[in-house]
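I am attaching a structure below and will ask some questions about it afterwards.
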Amino acid sequence: MAQETEHRQHHINLLPGETAPTVLVPGDPGRVELFAKEMDEAWKVAQKREYVTYTGKKDGVLISCTSSGLGPSPTAIGVEELIRVGSKNIIRMGTCGALQPFMRAGDIIIATGAVRGSRCTEEFISIDYPAIADYRIVRASIDACERLGLKYHLGLVRTHDAFYLESPWAHGDYAARLKPWVDLGVLAVENESATMLVVASMQGVRAGTILLSSNPIFGEGEDDPDLEAHKRDLVRVGIETAKVLHEMGLDED
Amino acid sequence: MEKQHHIQLVPGDIGETVFLPGDVSRAKVIADHFDSAELVVSNRQYNTFTGLYKGVKVSVTSTGIGGAAAAIAIEELVKVGAKNLIRIGTGGMMQTWLPNPAILVITGAVRGDGTTREYFPPEYPAVADFYMVENLLKSADELGIEVHTGYEWSHDAFYAGSTLSKLDILAIEKPWIDAGVLIASQEASTVFALASARNVRGGVILASAGCHQHPEKSASPEEMVTAISNATKISLETALKLHALDHKENK
């Protein structure tokens with residue numbers, strides 16, 4: 001369980017008590033500012049390297065947001081250190097490339113689990129171990145989307161390391177590389193979820209993933225003209241999810 | 001459609017929800033919890049009973065032991081119309097903080113088996129269907145039966161990971177015990193990964209039998225009868241909830 005310490009964590013630069021039990025984790029440090037704008041009040045708690053943290057209140061519920069940076073290495077560090085300052089619910093709030101042809105830009109994806117195509121967590125535990133989202137966070141994310149009237153897809157996502165092998169701008173035949181995952185029904189490809197889910201679940205901490213389809217890889221419209229509005233939707237889903245977890249009694253210290 | 005090669009069933013023989021015990025004799029034990037049930041086919045280790053529970057058609061098919069046999073049953077059951085697969089089984093408790101026997105709703109599985117390795121790349125996760133987990137938990141709650149949630153270590157060699165093993169099983173299992181994996185058994189990884197890939201729901205509910213750290217605390221046969229019966233009651237109520245969910249969505 002959480003090993004709370006009194007010194008500032010080495011990378012995220014946080015002390016216990018500076019963050020809420022529920023922390024939303026975008027990859028992009030810039031998106032933390034978007035979180036702050038959507039809250040009733042929010043204050044910057046820490047900024048070091050790619051880790052920016054704000055804590056704030058929305059409708060009376062205390063919620064934090066810490067950026068992870070891009071890829072598994074900073075995500076594993078960020079999640080580990082968040083657990084050490086007492087985080088109870090760690091929720092990735094990121095963007096992804098949608099893989100299924102029925103998906104569109106702006107769709108929300110709630111992950112039930114992630115393909116461990118990233119190497120980083122194999123240093124912690126064998127590849128046999130699954131990357132699974134906590135079912136209570138999945139439920140809270142579904143309720144949040146339904147309350148906000150936003151369409152969502154529920155299923156597996158693929159986490160991997162090399163963005164320029166599996167994206168619309170990739171080298172070579174990215175469609176062939178992605179085909180096995182498309183055939184298995186995997187919904188989207190991104191770079192952080194499996195790492196977060198493995199690091200958190202190994203320590204008994206709840207984690208989940210909410211993604212925005214910013215670049216459908218096989219669907220229509222590679223460029224989303226409403227990307228900024230959709231990013232705001234994603235942040236609103238994250239905040240609403242934290243509120244649902246609060247109502248479920250799952251954000252107590 | 002011709003009869004499926006191993007389970008010897010055709011469409012219409014089963015309900016949309018099929019319970020999957022490993023133990024051949026347990027198929028009848030589970031069917032005895034239905035309001036009515038008839039043996040449809042018995043072939044090899046695959047015994048199938050179909051009947052009604054509170055007006056909904058449900059089935060039970062024994063799989064035999066291990067991922068290889070379970071995968072055959074799942075592939076063939078999906079071909080004849082199964083939509084919801086619920087394994088009702090037993091396993092060896094690996095955590096000392098839980099009671100034994102305990103009833104466990106499995107949310108995911110460590111893929112220590114060979115069958116899913118042949119089917120899927122190793123990084124593909126064995127995840128329980130979300131609605132399956134949620135409805136198993138709701139049903140347990142309504143019935144007042146205590147359950148716990150967590151992961152299963154699925155593996156192939158029973159005598160390399162059970163209280164009856166001659167090996168140092170706690171050393172073998174240490175990475176899983178340290179990561180909080182609850183129970184050792186053999187089929188959850190196959191049920192979850194194959195069900196996901198075939199776009200049907202996979203769920204697993206287990207009663208712990210052996211206790212790996214304290215073999216002397218292993219469950220008695222009488223305790224196991226009660227635990228399996230409770231797991232069956234939870235699964236039957238879950239079948240009703242999934243039926244309501246699916247047939248509401250289809251309207």
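Here is how names work: the chains are called A, B, and so on, in the same order as the sequence lines, proteins then strands, and each is numbered from 1. Quick caveat, the model's predicted, so the values are computed rather than measured.
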Quiz prompt | Atom of A126(B), atom of P130(A) and distance for their closest heavy-atom approach | solution = O-CB, 4.2 Å
Quiz item: Which distance, rounded to the nearest 0.5 Å, do you find between the CG of D128(A) and the OG1 of T116(B)?
Solution: 8.0 Å
Quiz item: More than 12 heavy atoms of other residues, nucleotides or ligands under 6.0 Å from CZ of R198(B): is that the case?
Solution: yes
Self-check item: Toward chain B, the part of I125(A) with a non-hydrogen atom under 4.5 Å
Solution: side chain
Practice problem: Could you tell me the separation between the CZ atom of R116(A) and the CZ atom of R111(B), rounded to the nearest 0.5 Å? | Solution: 11.0 Å
Quiz prompt | Closest non-hydrogen atom pair, P125(B) against A114(A) | solution = CG-O, 3.3 Å
Quiz item: At a heavy-atom separation under 4.5 Å, does Y124(B) approach chain A through its side chain, its backbone, both, or neither?
Solution: both
Quiz item: Roughly how far apart are R158(A) CZ and E123(B) CD, rounded to 0.5 Å?
Solution: 6.0 Å
Exercise. Side chain from CB out, backbone as N, CA, C, O: work out which of these in V127(B) comes under 4.5 Å of a heavy atom of chain A, or both, or neither.
Key: both
Exercise. Counting only heavy atoms closer than 4.5 Å, note whether T149(B) contacts chain A via side chain, backbone, both or neither.
Key: side chain
Self-check item: Those residues of residues 155-179 of chain B, ordered by number, that approach chain A below 4.5 Å (heavy atom to heavy atom)
Solution: P175(B), W176(B), D178(B), A179(B)
Quiz item: Quick one: of P121(B), G150(B), S154(B), who has the most non-hydrogen atom pairs under 4.5 Å with chain A?
Solution: P121(B)
Self-check item: T159(A), part contacting chain B, at a heavy-atom distance under 4.5 Å
Solution: neither
Exercise. Please step through side-chain contact (heavy atoms from CB on, under 4.5 Å) for the pair I110(A) and F130(B), ending with a clear verdict.
Key: CA-CA 11 Å; I110(A) 300 167; F130(B) 169 72; over 6 Å; no
Exercise. Among the options R139(A), M202(A), E122(A), pick out the one with the most heavy-atom pairs lying under 4.5 Å from chain B.
Key: R139(A)
Quiz prompt | Which atoms of F192(B) approach chain A - backbone, side chain, both or neither, heavy atom under 4.5 Å | solution = neither
Quiz item: By a 4.5 Å heavy-atom criterion (distance strictly below it), what part of I127(A) contacts chain B: side chain, backbone, both, or neither?
Solution: both
Quiz item: Is the CZ atom of R147(A) crowded by more than 12 outside heavy atoms at less than 6.0 Å?
Solution: yes
Quiz item: Within a radius of less than 6.0 Å around CD1 of I65(B), do more than 12 heavy atoms belonging to other residues, nucleotides or ligands occur?
Solution: no
